[in-house]
> 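One structure, pasted below without further comment.
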Amino acid sequence: MDARPARGGDPDVPLIVRGALRGLRGHAAHDVSRQLADAGRGPLAAHDHDGPRRDRDARRLPVRIGVQPRVQAAGGHGAQRLATPGGVASAPSRGWSRKGRGPGPVDGSGQADGSGTLARMTVRCRIAPSPTGPLHIGTARTALFNLLFARHEGGTFILRLEDTDVARSTAAYEADILSGLHWLGIDWDEGPAMGELAERGPFGPYRQMARLESYRAAVEGLLSRDQAYECFCSTEQLAADRASQEAAGQPPRYIGRCAHLTAEQRAQRRAEHPAPVIRFRIPAGRVGFHDLVRGDVSIDTSALGGDLVIVRSDGTPLYHFTVCVDDATMGISHVIRGEDHLSNTPKHILLFRALGAEVPAFAHLPLILNPDRTKMSKRKSQTAVADYIDQGYIREALINHLALLGWSSGTDDELFSFDDLVERFDLSRVQQGGAIFDRERLDWLNGQWIRRLSDVELVERSLPFLRASLVDAETDSSLPTADDLLPLVPLVRERLPRLDAMGPLVDFLFLDHLSIEPTLLVPKRWDAATTIDALTEARRIIAATGETVFEAEELEPPLRALAETRGWKAGDLFMAIRVALTGRTATPPLFDTMVALGYARTLERLDGARLILDPATSGT
RNA sequence: GCCGCAUUCGUCUAGUGGCCUAGGACACCGCCCUCUCAAGGCGGAGAUCACCGGUUCGAAUCCGGUAUGCGGUACCA
């Protein structure tokens with residue numbers, strides 16, 4: 001099945017439910033879908049996209065943008081290609097060793113298998129988010145690492161929705177997750193439909209609640225082989241068991257009350273308790289595996305809590321079970337996930353074996369932490385990707401930052417585009433200890449990447465933020481357009497840690513009435529009289545410059561001369577003018593600001609400022 | 001409680017037995033640049049490599065133990 005051309009998608013599809021740029025009104029829909037459309041063209045690597053970008057009408061946002069299908073490099077993504085020799089050669093020393101079905105990163109044995117050829121492998125990774133909350137930073141990071149690994153190895157990246165927790169899953173969260181990943185440029189080769197994008201991939205459906213039949217069949221198999229059984233214990237019984245175990249200082253575990261019922265007993269229980277759960281038998285012994293990040297790990301199954309419930313009494317399957325069934329049937333070769341699943345891995349391995357499936361390789365990523373070093377949580381940190389988008393972080397920075405949380409290149413480089421990451425990513429360089437999500441570093445990266453955006457790109461991405469900041473302001477003028485913003489880009493690009501900083505930097509250009517704080521108007525070393533004097537003189541000089549030569553180079557010399565002849569510090573004079581024109585003490589360079597404002601409005605505001613300081617001078 | 005994993009500047013990290021009197025980046029401080037704010041340049045401070053033993057001529061790097069932290073221990077994912 002080949003749904004590949006569907007990449008990109010119609011930007012007008014309302015993909016985001018609460019996503020990007022929440023808070024914009026009216027015009028927001030265009031901007032949001034525009035951002036999504038941008039993301040759809042492929043992640044980062046801005047230089048690759050400058051061309052096509054200019055072809056599109058960048059100056060008028062409220063138009064429908066035709067998004068080209070993303071062109072996938074070489075041979076079509078999703079094609080299950082052989083590993084490049086380089087990919088195999090770069091397999092980490094913490095290599096991947098397993099028997100059975102050959103393909104996989106090789107730890108040396110593959111190269112020496114005597115066949116004369118490199119072991120063939122098909123890397124298949126997946127991210128399996130649960131739509132029980134908005135897209136979480138940690139999920140995005142895990143998705144990124146899976147994608148990077150898949151791309152680096154020439155493999156396939158799959159997205160699967162784990163929505164078996166029906167009580168907590170919602171369509172809104174699902175949309176938030178899918179659109180958020182898409183916005184980040186984390187696009188999947190196989191996965192569910194999103195908006196008008198069709199589902200794609202040969203192993204669908206990619207939504208677990210649509211795969212119930214497959215779980216049912218798997219359960220049948222386990223039951224028939226006596227690897228699972230019905231359990232009729234009541235919640236009360238189980239709670240009592242747990243309580244007494246706790247009292248005795250024992251770890252809680254299912255005691256196996258229903259593990260060995262006779263056929264008659266089962267029939268009887270079924271009659272009085274028609275809704276049993278199904279438990280998977282956990283055999284005695286140790287389960288060991290080689291984690292690609294942590295090395296050899298081994299856990300005794302007695303620590304697993306007893307036979308595992310895999311199907312609820314209402315018949316819906318549980319996570320540990322579905323994840324294994326799906327990973328097996330979808331041919332997942334590498335399970336890359338958070339460290340919080342490390343302890344669960346033995347259960348999964350047992351399940352894979354019971355299912356008669358190949359056990360994938362595992363790589364457990366370190367956790368992203370709150371500042372207090374606990375697992376990153378909504379309570380203590382900003383975890384929703386949508387919130388970062390709303391604050392004006394750009395995907396290049398988010399991706400760069402996320403990649404550096406737990407992975408390092410081994411060089412002194414700090415800035416990595418998506419393509420750089422794909423090229424250099426290696427699981428063996430993944431850190432083992434958890435990493436605190438450092439906002440200041442993200443801010444710095446964001447500034448770095450904003451500075452690297454083309455003018456047009458910066459306008460496209462920041463205009464929605466500018467407009468949003470002006471929506472609430474009193475203004476008779478219409479909101480600024482891309483045309484209005486474009487010439488300002490050189491003045492602001494170095495001053496934007498985040499896109500939402502655009503408003504405060506240039507809003508005065510689009511406001512009809514400034515409200516100026518009088519105390520700001522008078523420079524520190526000056527008094528009101530001096531300020532009025534200075535503003536009056538400055539107005540005279542600026543007016544004399546004339547409208548036709550209203551340029552920064554023309555304005556600066558005479559005003560400096562004025563300061564000199566009057567014995568004023570140029571900085572003080574400029575500050576007084578600055579506040580008079582903008583109402584702010586921190587602005588783009590003054591003379592450029594005057595030019596942007598224009599001759600007439602500059603004089604008007606100078607007059608207005610004098611009025612504020614001394615209404616009596618209004619006649620002058 | 002039990003099981004597992006982790007532990008290098010405040011933070012992200014480099015480091016895989018001698019190149020480490022531990023390197024880079026963010027943040028911080030100072031200087032320079034400068035009309036403000038930024039950006040940029042230069043410099044500084046900041047880590048007895050959790051602790052204790054061991055192996056070795058030599059350990060941040062290998063081994064053992066301890067401590068601390070985190071994670072898991074559901075009819076959540």
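Residue numbering restarts at 1 for every chain, and letters A, B, ... go by the order of the sequence lines.
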> Looking only at the side chain of A/I299 (C-beta and beyond, no hydrogens), which of the listed nucleotides B/rC3, B/rA74, B/rU13 gets closest?
B/rC3
> P atom, B/rC2 versus B/rU61: distance in rounded Å?
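Result for the P pair: 28 Å, nearest Å.
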> Would you mind telling me which of B/rC5, B/rA77, B/rU36 lies closest to the side-chain atoms of A/T587?
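The nucleotide sitting nearest to the side chain is B/rU36.
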> Run the salt bridge (charged side-chain N to carboxylate O under 4.0 Å, His left out) check on A/D500 and A/R498 step by step: do they pass?
CA-CA 5 Å; A/D500 64 358; A/R498 306 189 323 207; 2.8 Å; yes
> A/F574 and A/W568: aromatic ring centres closer than 6.0 Å?
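No; A/W568 has its ring centre 6.0 Å or more from that of A/F574.
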> Taking only N and O in the side chain of A/R312, is any of them less than 4.0 Å away from OP1 or OP2 of B/rA77?
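For B/rA77, OP1/OP2 do have a side-chain N/O of A/R312 under 4.0 Å.
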> For the side chain of A/E440, starting at C-beta, report the closest nucleotide among B/rA77, B/rC26, B/rG4.
B/rC26
> Quickly work out the A/L318 CG to B/rC76 C1' distance and round it to whole Å.
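Between C1' of B/rC76 and CG of A/L318: 8 Å.
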> Watson-Crick or G-U wobble partner for B/rG43, using a 3.5 Å limit on both distances?
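B/rG43 is paired with B/rC29.
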> Distance check, rounded to the nearest 0.5 Å: A/L222 atom CG versus A/R279 atom CZ?
15.0 Å
> Could you tell me if the ring centre of A/F280 sits under 6.0 Å from that of A/Y229?
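Judged by ring-centre distance (under 6.0 Å), A/F280 and A/Y229 do not meet the cut-off.
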> Scan every strand shown for a Watson-Crick or G-U wobble partner of B/rC37, both distances under 3.5 Å, and answer none if you come up empty.
none
> Say you pick atom C1' in B/rU11 and the same atom in B/rC28; how far apart are they, in whole Å?
12 Å
> Between A/T164 and B/rA77, does any side-chain N or O lie under 4.0 Å from OP1 or OP2?
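True: A/T164 side-chain N/O within range (under 4.0 Å) of B/rA77 OP1/OP2.
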> OP1, OP2 of B/rG15 versus side-chain N and O of A/R429: anything below 4.0 Å?
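So the side-chain polar atoms of A/R429 do come within 4.0 Å of the phosphate oxygens OP1 or OP2 of B/rG15, strictly under.
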> Quick one: on RNA chain B, does A/D592 or A/E162 contact a more 5' nucleotide (nearest heavy atom)?
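Upstream on the strand: A/D592.
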> Is the shortest side-chain N/O distance from A/Q432 to OP1 or OP2 of B/rG71 below 4.0 Å?
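For A/Q432, the contact criterion (side-chain N or O under 4.0 Å from OP1 or OP2 of B/rG71) is not met.
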> Please pick, from B/rU36, B/rC70, B/rC3, the nucleotide with the shortest atom-to-atom distance to any side-chain atom of A/A303.
B/rC3
> For nucleotides B/rG41 and B/rU55, find the distance between their P atoms and express it as a whole number of Å.
50 Å
> Hunt down the Watson-Crick or G-U wobble partner of B/rC20, both distances under 3.5 Å, from any strand shown, or write none.
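In the structure as shown, B/rC20 has no Watson-Crick or wobble partner.
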> Which nucleotide in the set B/rA14, B/rG71, B/rC76 lies at the smallest distance from any side-chain heavy atom of A/D340?
B/rG71
> I'd like to know if A/R452 and A/E457 make a salt bridge, using a cut-off of under 4.0 Å between side-chain N and carboxylate O.
no
> Would you call A/R539 and A/E537 a salt bridge, taking side-chain N to carboxylate O under 4.0 Å as the test?
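Salt bridge: no.
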> Hey, could you give me the OH/NE2 distance between A/Y388 and A/H401, rounded to the nearest 0.5 Å?
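These two atoms lie 8.5 Å from each other.
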> Going by purine N1 to pyrimidine N3 plus the second Watson-Crick contact, or the G-U wobble pair, all under 3.5 Å, which nucleotide sits opposite B/rG72?
B/rC2
> Check whether any side-chain nitrogen or oxygen of A/S343 sits under 4.0 Å from OP1 or OP2 of B/rG71, and answer yes or no.
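So the side-chain polar atoms of A/S343 never come under 4.0 Å of the phosphate oxygens OP1 or OP2 of B/rG71.
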> Can a donor-acceptor pair under 3.5 Å be found between the side-chain atoms of A/R373 and the base atoms of B/rC70?
no
> Taking only the P atom of each, what is the distance from B/rG23 to B/rA38 in whole angstrom?
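To the nearest whole Å, 30 Å.
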> Can you confirm if the aromatic rings of A/H364 and A/H341 lie within a centre distance of less than 6.0 Å?
no
> Taking only side-chain N and O atoms of A/R495, does any of them lie within less than 4.0 angstrom of OP1 or OP2 on B/rU36?
no
> Ignoring backbone atoms, test whether A/Q431 places a side-chain nitrogen or oxygen under 4.0 Å from the OP1 or OP2 oxygen of B/rA14.
yes
> Can you measure A/L369 atom CG to B/rC12 atom P for me and round it to whole angstrom units?
8 Å
> Could you state the CG-P distance from A/L445 to B/rU13, rounded to the nearest angstrom?
13 Å
> Whole angstrom is fine here: how far is it from CD1 in A/I282 over to P in B/rC3?
17 Å
> Does a side-chain N or O from A/R337 land closer than 4.0 Å to OP1 or OP2 of B/rG71, or not?
no
> On a whole-Å scale, what distance lies between the P atoms belonging to B/rG15 and B/rG24?
15 Å
> With rounding to whole Å, what would you report as the distance between B/rG46 and B/rC9 at their C1' atoms?
5 Å
> Among the candidates B/rU36, B/rC76, B/rC26, find the nucleotide nearest to the side-chain atoms of A/D438.
B/rC26
> Just to confirm, is there a sub-4.0 Å distance from OP1 or OP2 of B/rG72 to any side-chain nitrogen or oxygen of A/K375?
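A/K375 to B/rG72 OP1/OP2: side-chain N or O found under 4.0 Å.
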> Heavy atoms from C-beta onward define the side chain here; which of B/rA14, B/rC35, B/rG4 lies closest to that of A/V297?
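Given the options B/rA14, B/rC35, B/rG4, the side chain of A/V297 is closest to B/rG4.
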> Checking contacts here: which listed nucleotide (B/rG15, B/rA25, B/rC75) is nearest the side-chain heavy atoms of A/W444?
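Within the option list, the nearest is B/rA25.
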> Ignoring the backbone of A/D412, work out which of B/rG24, B/rC75, B/rA77 is nearest its side chain.
B/rG24
> Starting at the 5' end of RNA chain B and moving along, which residue's nearest nucleotide shows up first, A/R560 or A/A128?
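On the 5' side of the pair lies A/R560.
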> Can you check the A/D443 CG to B/rC37 P distance for me, whole Å?
19 Å
> Scan every strand shown for a Watson-Crick or G-U wobble partner of B/rU66, both distances under 3.5 Å, and answer none if you come up empty.
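When the pairing criteria are applied, B/rA50 turns out to be the nucleotide that pairs with B/rU66.
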> If you check the A/P252 side chain, which of B/rA74, B/rC5, B/rC35 turns out closest?
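For the A/P252 side chain, the nearest candidate turns out to be B/rA74.
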> Got a donor-acceptor pair under 3.5 Å from the side chain of A/R578 to the base of B/rC35?
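When only heavy-atom distances are counted, A/R578 does reach the base of B/rC35 through a donor-acceptor pair under 3.5 Å.
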> For atom C1', what is the distance between B/rU8 and B/rA47, given to the nearest Å?
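My reading of the C1' atoms in B/rU8 and B/rA47 gives 7 Å.
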> When rounded to the nearest Å, what value does the distance between P atoms of B/rC12 and B/rA27 take?
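So the two P atoms sit 15 Å from each other.
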